[in-house]
4 protein chains.
Amino acid sequence: MESKKGRKGEESRKRLLKAAANEFSIRGFHDTKISEIVKKAGFTQPSFYLYFQSKEAIFEELITDFHSRVRKLTESLLLENGLHTEDVSKRVLSAVETVFQCLAEDKDVTRIGFFLNPEAKQMKKDLAMVLKENLEAEQRLGYFHSELDMETVAECLIGMIEHLTDSFLLTGIKDPASLAAEIVNLLIYGMLPKGSDVR
Amino acid sequence: MESKKGRKGEESRKRLLKAAANEFSIRGFHDTKISEIVKKAGFTQPSFYLYFQSKEAIFEELITDFHSRVRKLTESLLLENGLHTEDVSKRVLSAVETVFQCLAEDKDVTRIGFFLNPEAKQMKKDLAMVLKENLEAEQRLGYFHSELDMETVAECLIGMIEHLTDSFLLTGIKDPASLAAEIVNLLIYGMLPKGSDVR
Amino acid sequence: MESKKGRKGEESRKRLLKAAANEFSIRGFHDTKISEIVKKAGFTQPSFYLYFQSKEAIFEELITDFHSRVRKLTESLLLENGLHTEDVSKRVLSAVETVFQCLAEDKDVTRIGFFLNPEAKQMKKDLAMVLKENLEAEQRLGYFHSELDMETVAECLIGMIEHLTDSFLLTGIKDPASLAAEIVNLLIYGMLPKGSDVR
Amino acid sequence: MESKKGRKGEESRKRLLKAAANEFSIRGFHDTKISEIVKKAGFTQPSFYLYFQSKEAIFEELITDFHSRVRKLTESLLLENGLHTEDVSKRVLSAVETVFQCLAEDKDVTRIGFFLNPEAKQMKKDLAMVLKENLEAEQRLGYFHSELDMETVAECLIGMIEHLTDSFLLTGIKDPASLAAEIVNLLIYGMLPKGSDVR
DNA sequence: AATGAATGAGCATTCATTCAT
DNA sequence: CATGAATGAATGCTCATTCAT
């Protein structure tokens, strides 16, 4: 079922995946009909089953795709942890921007994997943990003040990323770079005016 | 159809609403079956249609409930804008806590109205606008530094609230007060250590 | 699903069972379509699922019906074993006739349970064993000659019953009494002419 | 379409027939899928249609094979009718054994042609008629007692053969010779003990 | 001689909804 | 106020079969 050979088959498969990603991202799992996926891809219904076992299966595959993309992201974030550029804010900025770039790669798939997928919660938790570790490393080096609970910070960061992705990134209103800048600027420097006595 | 009088009828209606809220919040709109709602409420299928026109209708009603709750929230936030306690952070804290309290009132309904509902986006946008206005008022009074784009701040705030609500509030892990404290502490004072030269 | 109350429901269920029995017996499991069963019973498709879980389920139920009928048969055969009328051939005749009568009770169901059902083999084996025991009891009393392997005899009997049922009983060509008479006459007295020296 | 020449083609055709016979005999007509036949034979689906017009066609061909085998059988039975060995029982034995031998030749094909095939009934009828004629010939010569209805006897014989074939021959539990012996012994001499006064 | 790719036609099943009581 | 019984409308999936190479 998935061991077809030729170039053409591989291409048809991709066409179906793309059509499915789009339909799922617009309509959600249940309101997406195989008949629509297949029509969008220019096939008839049975062709679908030439490449995928079921509606669930293709959904799963899209999610798995997203999963592996996120895995690569977390790995790259861990690496970044090592190299220390002169400025903390630059390092954090770079990390957040990397996240947004990853989420911008394939918008339909992101919508599915990051928002529709019921297991997305775990994925976000994982991502939060990586961010937390990076932040704690910086904290130990004295770049952030020591009382901050970095787990909370990481969760807040995830929340911001999530919301801004949904509202501005996937809608095409803003790009990864500026979203990252906004978040980091806010987070790092806080909202109080320059001279105010902090605590 | 929806204006039955008797005490008993009113009670049955509420039982159905409650059961529906729970089912929807667990399973989402499409995976929720009338048959399950009705079973949970201790009725048979036709009884459902004694009180609600359709599956959509009961979902809408739950959303409307949530909507009006949120409307009250925004109104109270606007009012709070007027009274100025000694400390900015206290005022912001109070506002954010109010939001969390509102979202904690009925968890099932919040899940539906804030996360499942496709129109939730608009509601969040509205909420963001109110927060933005409050923040801008404070900013004009010099409590926050002037370059901050308060729209972005408001959106970030919404993101954090959203995520923390989903992960900690609705799961019962944390309460409104502590969640509000965490967010505000982070947002207001930023992450840099006390003595660092800000900008 | 199967715990409906009213008289009417019970009646509808029976109508479906009857229609299904007929369709299955004519067309076999696979060529029988729910749509036909339902049409024959005067319903629309979904009604079917009001009473039966699936096509498999209704087939199973028919088979189970047949099974319990056969079980009663074997029990009555065991009882008959006790009462000894004057004549062996009469006793055997009565047993075989009982079998045919049982198989004639509901022809459609017999066709399904005795011929279509893949588990029919086991049922026939069981039936053969009961017959064998009865025959051996008679044999021990000296009514049959002692070298006969009663297991073989029972199997042959089953074969005859099976074939005559299929060819003459279910087609309505012959009745239980005459079929039983024919078989028993042949079996008991053999084919050789009266005076020939047996072995 | 069915008249390919080459050696290899002929061989492929046979491989398909064999695979089909096996699948059909195990699963029956409807539960047998072309895809399985073809996999078993080591081909891809379209190859099937290189040799057979349809699923029905290959089934028919297998049945026809069986048919011609049975035709040869009946012819040989008619011939045997002529040669009179000293003993009736030996002649009957030989006939029945010939039948079993024929049915044992290719078990898969027998299962298909003798049990699955809806036209098997007619074939059995034909076979019964031949047997009947043979038996009547013997009867006229005084070898069997004259009141016996040889049609019934023939039908009973068919029933026994059928059942024993299904239960013992095709399962490999017993061989043609012993099966024939058991049947004939029972049929010819009957079940009553030697000395009992017959009728 | 054989295959990768695609399709037409059909069927079981599900679910929201209604009718008569 | 409530229910037993029934249905219209979809949709996922399977399978034999064909086309182009």
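Throughout, protein chains are lettered first and strands after them, A, B, ... in sequence-line order, and every chain is numbered starting at 1. Values below: all heavy atoms of this structure, side chains included; hydrogens, waters and symmetry mates excluded.
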NZ/NE/NH1/NH2 to OD/OE distance under 4.0 Å, A:E11 and A:K14: no

Nearest-angstrom distance from the residue atom NZ of C:K39 to C1' of F:dT7: 16 Å

Between E:dA12 (C1') and C:I37 (CD1): distance, integer Å: 11 Å

Residue D:K18 excluded, over 12 heavy atoms near NZ under 6.0 Å: no

Phosphate contact (E:dA5 OP1 or OP2) by A:S12 side-chain N/O below 4.0 Å: no

Side-chain N or O of D:S47 closer than 4.0 Å to phosphate OP1/OP2 of E:dA2: no

Atom-to-atom span, CZ of A:R13 to P of E:dG4 - whole angstrom: 16 Å

Shortest non-hydrogen separation from B:T110 to B:L103 and the atoms involved: OG1-O, 2.7 Å

Structure string for DNA chain F in dot-bracket form, Watson-Crick and G-U at under 3.5 Å, | interchain: .||||||||||||||||||||

Contacts of A:F59 that satisfy ring-ring contact (aromatic ring centres under 6.0 Å, His included) - sequence neighbours left out: A:F24, A:F29

For C:S25, all residues meeting side chain to side chain donor-acceptor pair (under 3.5 Å), sequence neighbours excluded: C:D108

Rounded interatomic separation in angstrom, taking CG from C:L50 and P from E:dT13: 15 Å

More than 12 heavy atoms of other groups within 6.0 Å of B:K125 NZ: yes

Any pair counted as salt bridge (Lys or Arg N to Asp or Glu O under 4.0 Å), so long as it reaches residues 24-35 of chain A, sequence neighbours left out: A:E23-A:R27

Protein proximity profile, nucleotides 14-21 of chain F - base contact B, sugar-phosphate-only contact S, no contact -, cut-off 4.0 Å on heavy atoms: BBSBBB--

Distance, rounded to the nearest Å, where A:F52 contributes CZ and F:dC13 contributes C1': 16 Å

Between E:dC11 (P) and D:D31 (CG): distance, integer Å: 15 Å

Output a table of donor-acceptor pairs, distance under 3.5 Å, between side-chain atoms of residues 111-122 of chain B and any protein atom two or more places apart or on a different chain; print 'none' if there are none.
| from | atom 1 | to | atom 2 | distance (Å) |
| --- | --- | --- | --- | --- |
| B:N117 | OD1 | B:E119 | N | 2.7 |
| B:K121 | NZ | A:D166 | OD1 | 3.4 |
| B:Q122 | NE2 | B:D126 | OD1 | 3.0 |

Lys/Arg N to Asp/Glu carboxylate O, D:E60 vs D:K55, below 4.0 Å: no

